[in-house]
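The first residue in the sequence is number 1, and the count goes up from there.
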Amino acid sequence: MKTKATDTQQRDKLFTAVNTAVTYLLQSEVGQFENSLWRGMGVLAAAVNADRVRLWRNYRINKKLYCTQLYEWSEGAEPSQGKKITVEVSYDDDLPGWQEKLTKNECINSIVSKMPADKQKRFLAQGILSLLIVPVFLHNEFWGFVGFNDCHRERLFTADEESILRSASLLITNALMRNEMTQELTAALDKASAANQAKSQFLSSMSHEIRTPLNAIVGMTTIGKSASSIEKKDYAFEKIGIASTHLLGVINDVLDMSKIEANKFELSTVEFDFEMMIKKVVSVIAFRVNEKQQLFRMKLDPNIPQRLVGDDQRLAQVITNLLSNAVKFTPEGGTISLYARFMCDENDACKIEVKVTDTGIGISKEQQKRLFASFEQAENDTNRKYGGTGLGLAISRRIVELMDGKIWIESELGAGATFIFTVKLERASGESSEAESRPVFIEKTEPVRLLAVDDEQETLEFFKVFAQRTDLVCDTTADSREALKLLTGRTKYDLCFIDLRMPVMDGVALTRAITEALEVKPVIIIISAYDWNPIEQDARAAGVNGFLPKPLFVSDVVDCINKYLGVNKNAEGAAHKQAEEFPGRCILLAEDMEINREIVLTLLESARIEIDCAANGEEAVNLLKDAPQRYDMILMDVNMPVMDGLEATRLIRALDSKKAREIPIVAMTADVFKEDVKLCIEAGMNDHICKPIDFNEMLAKLKKYLK
């Protein structure tokens, strides 16, 4: 028979157990919480002689209440954690009557053998003879319950045990929730930290990408200001334009939010000219190469198709990054080389290999292993000595992998480095497997004969291949004295390409000798990888007709020949010119900004096309209503006052006129997100031109829709 002393001792035992369990939970670290919870549940089980303690949590599926076991402590009883009977247990189907009783905050204190026969089976299968189910409420909501099982005897838990275990269950659940909140907070802090790191990584990357073309723009502006000839100023303007275009591409990347999130890159597939892409890249880094007096070599495999399909901006980004690094880590007077070769046709795509080599500081084998990871550079003091973020190679690797290629390095510390990558690009429509040459327009019935003079064998090899592909005759020599003998002999040359810096006799001295020796001298073009501003006046006085920068591009050499020996004076050239004019055609320009209207009018001045202007969408709709047959095409800004371009397009398409339904409408807007382009198309527009306006893109749209 129990006495008051016995009851008091039992209560004290229970209180001590609860205190011990709570102490375990309060003192536990986040990573040790489950172990502390298990120990605490064991202390409570020992205090009431239970064989198993289980913690259950509620949730709803299609408005029906279910529970799943989260934690279990057991001793002398088979554990049931993770089994079917503890996962997605339905109150309606598996625990009838429990939901009604527990939601009233009433405990279930039962001997299994005294339950109805249909309820006994579930518990007897688990070896449970007696059970106490204590409901847990958090924020006045039925959160779940804690179950205490006796698998060795039949008994009812005492009122004191029920009361104290109710409090203990609530404390355990609160500790559990606090731990979950701590974990969520830690995860949120980690996520915020990662977001901050990603933001810093992104800003650093953009700083690098923006400053590189800006450097070219600033440098060429300085060169252009000090240039003494129109030709040199035009050259500087051309380079500024190319670098500005590259900078615009970087800004477009910033605006594309899908490329910002978690370093996700989406390739934008376009048709592009491979050589022109390389030319833009070289123009971006050329100023820095000249500044460090480095020698830049380049060789492009003539078997690479002229036009390819892929993301030229991203491909240019990779090559620019590799070349920029090569320049940065190579001392003054060093050599930078860029080689691109056609490897093979593979799965309907051209496999191309690009190699960038330098004579710089090199990279150790150990550092090469982690070189392509974010924020990594070759040595610990690299950032302090050379600057940079260590992001470029990681970004480059991702881009190359998206192009179904790979990137790697071959280097030794102190012996320079070679970065190699491969990509797969589709041939543009109409490109055959045979390499084609660029057209040369010459007004001569006799064969054109060229002479290339350079002490670099790579340059002479370039002209030999060029001559073979253009059906021109080209002699080459590495000796200026031999060149003078050839020029004063019986062979007559139309144009000479002469290197500026050669041993024995440099390019200017050789030109002077040619001018003195010949009554009718050929056109003489000085080629050089170095700035010719300091020698331009003397060179022209000696008889030099023009200058061509290294590295040499086929397109530049073709343009040079056409310029001095009769460019665009044949039928094909005239046809090309006529194709860029649209006499008798009229377009409607809807644009609210006066300066933007002026830009379009000026750009299309040479196209011989009539242009009517509207300051908003409403004016554009009314102009088309009044004269539907007058207009052949509409250039429509999107963001305008009174009526925007999308609404104006919808109203035009709804007009009771076949012309209104069929007239080409091209969006002309600074909204460049893919979602923005989609909205334009859904509104009824045919195409999209992004601002700032690229004249070639504008011309391509006119050709497309004004056939």
Side-chain angles (χ1 to χ4, degrees), residues 18 21 25 33-38 40-42 44-45 48 50-75 77-112 114-151 156-157 161-181 183-184:
V18 171
L25 295 173
F33 179 80
E34 290 190 8
N35 184 55
S36 299
L37 177 61
W38 189 84
M41 293 168 69
L44 293 176
V48 294
D51 299 303
R52 185 189 288 126
V53 181
R54 300 191 288 185
L55 177 60
W56 298 70
R57 187 170 191 170
N58 294 336
Y59 54 94
R60 292 187 180 275
I61 302 177
N62 298 327
K63 297 183 179 181
K64 289 184 63 175
L65 193 64
Y66 289 77
C67 60
T68 287
Q69 181 178 298
L70 300 182
Y71 297 99
E72 175 182 5
W73 178 93
S74 61
E75 185 176 89
E78 183 181 351
S80 55
Q81 183 77 9
K83 294 183 179 179
K84 185 178 180 180
I85 57 173
T86 64
V87 179
E88 289 191 10
V89 178
S90 168
Y91 278 95
D92 292 341
D93 302 331
D94 303 310
L95 304 170
W98 280 34
Q99 181 177 348
E100 182 180 359
K101 192 173 180 69
L102 294 175
T103 52
K104 294 178 181 178
N105 204 14
E106 298 177 5
C107 293
I108 297 174
N109 190 358
S110 300
I111 298 173
V112 173
K114 294 183 179 181
M115 292 179 175
D118 60 332
K119 295 182 180 180
Q120 292 182 26
K121 184 177 180 181
R122 178 180 184 84
F123 302 108
L124 291 175
Q126 301 175 57
I128 301 173
L129 301 179
S130 307
L131 56 81
L132 172 65
I133 305 300
V134 180
V136 175
F137 282 77
L138 292 177
H139 307 296
N140 298 319
E141 183 179 352
F142 178 34
W143 182 89
F145 60 86
V146 179
F148 297 86
N149 305 153
D150 194 327
C151 300
L156 292 174
F157 289 80
E161 290 173 335
E162 184 177 313
S163 174
I164 294 172
L165 290 178
R166 181 190 289 270
S167 299
S169 298
L170 182 60
L171 290 170
I172 289 174
T173 306
N174 272 289
L176 173 65
M177 296 303 295
R178 188 182 71 251
N179 181 69
E180 288 184 357
M181 290 176 63
Q183 289 179 324
E184 290 174 1

Just how far is it from atom [atom1] of [X] to atom [atom2] of [Y], taken to the nearest 0.5 Å?
{"X": "L70", "Y": "W56", "atom1": "CG", "atom2": "CH2", "result": "9.5 Å"}
{"X": "C151", "Y": "F123", "atom1": "SG", "atom2": "CZ", "result": "12.0 Å"}
{"X": "M115", "Y": "I128", "atom1": "CE", "atom2": "CD1", "result": "8.5 Å"}
{"X": "L95", "Y": "I108", "atom1": "CG", "atom2": "CD1", "result": "8.0 Å"}

### Message
side chain to side chain contact (heavy atoms under 4.5 Å, CB included), that's the test. Do Q126 and N149 meet it? Break it down for me.
### Response
CA-CA 10 Å; Q126 301 175 57; N149 305 153; 5.6 Å; no
### Message
For the aromatic rings, using the six-membered ring if either is Trp, is the centroid distance between Y91 and W98 under 6.0 Å?
### Response
no
Heavy-atom pair with the smallest gap, counting every atom of [X] and [Y]:
{"X": "F145", "Y": "C67", "result": "CE2-SG, 4.0 Å"}
{"X": "P96", "Y": "D93", "result": "CD-O, 4.3 Å"}
{"X": "L55", "Y": "M41", "result": "N-CE, 4.3 Å"}

#### Entry: Which residues share a side chain to side chain contact (heavy atoms under 4.5 Å, CB included) with L124, sequence neighbours left out
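Only V112, Q120 meet the side chain to side chain contact (heavy atoms under 4.5 Å, CB included) criterion with L124.
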### Summary
Residues at least two apart in sequence or cross-chain that pass ring-ring contact (aromatic ring centres under 6.0 Å, His included) with F148, listed by chain then number, are none
### Query
Y71: what forms a ring-ring contact (aromatic ring centres under 6.0 Å, His included) with it, not counting sequence neighbours?
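Per chain and number, Y71 pairs via ring-ring contact (aromatic ring centres under 6.0 Å, His included) with no residue.
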With sequence neighbours excluded, what pairs up with [X] under the side chain to side chain donor-acceptor pair (under 3.5 Å) test?
{"X": "K64", "answer": "none"}
{"X": "Q99", "answer": "none"}
{"X": "Y66", "answer": "none"}
{"X": "N109", "answer": "none"}

Taking only distance into account, with no hydrogens and no angle test, what donor-acceptor pairs under 3.5 Å do side-chain atoms of residues 163-172 form with protein atoms, sequence neighbours excluded?
from	atom 1	to	atom 2	distance (Å)
R166	NH1	N105	O	3.1
R166	NH1	N105	OD1	2.8
R166	NH2	N105	O	3.3
S169	OG	L165	O	2.7

### Listed once per pair and sorted, the salt bridge (Lys or Arg N to Asp or Glu O under 4.0 Å) pairs that draw on residues 94-108, sequence neighbours left out
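Found E100-K104, K101-E106.
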### Message
So does I85 get a backbone contact from the side chain of R122, meaning a donor-acceptor N/O pair under 3.5 Å?
### Response
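Between the backbone of I85 and the side chain of R122 there is a qualifying donor-acceptor contact (under 3.5 Å).
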List the atom pairs, with distances to 0.1 Å, where a side-chain N or O of residues 129-144 and a protein N or O form a donor-acceptor pair under 3.5 Å, not counting sequence neighbours.
from	atom 1	to	atom 2	distance (Å)
S130	OG	R153	O	2.9
S130	OG	R155	N	2.8
S130	OG	R155	O	3.2

### Task
Name all residues meeting the salt bridge (charged side-chain N to carboxylate O under 4.0 Å, His left out) criterion together with R57; count only those two or more places apart in sequence or in a different chain, and write none if there are none.
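For R57 the salt bridge (charged side-chain N to carboxylate O under 4.0 Å, His left out) partners, ignoring immediate neighbours, are E180.
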### Query
Does a side-chain heavy-atom distance below 4.5 Å link E72 with T86?
no
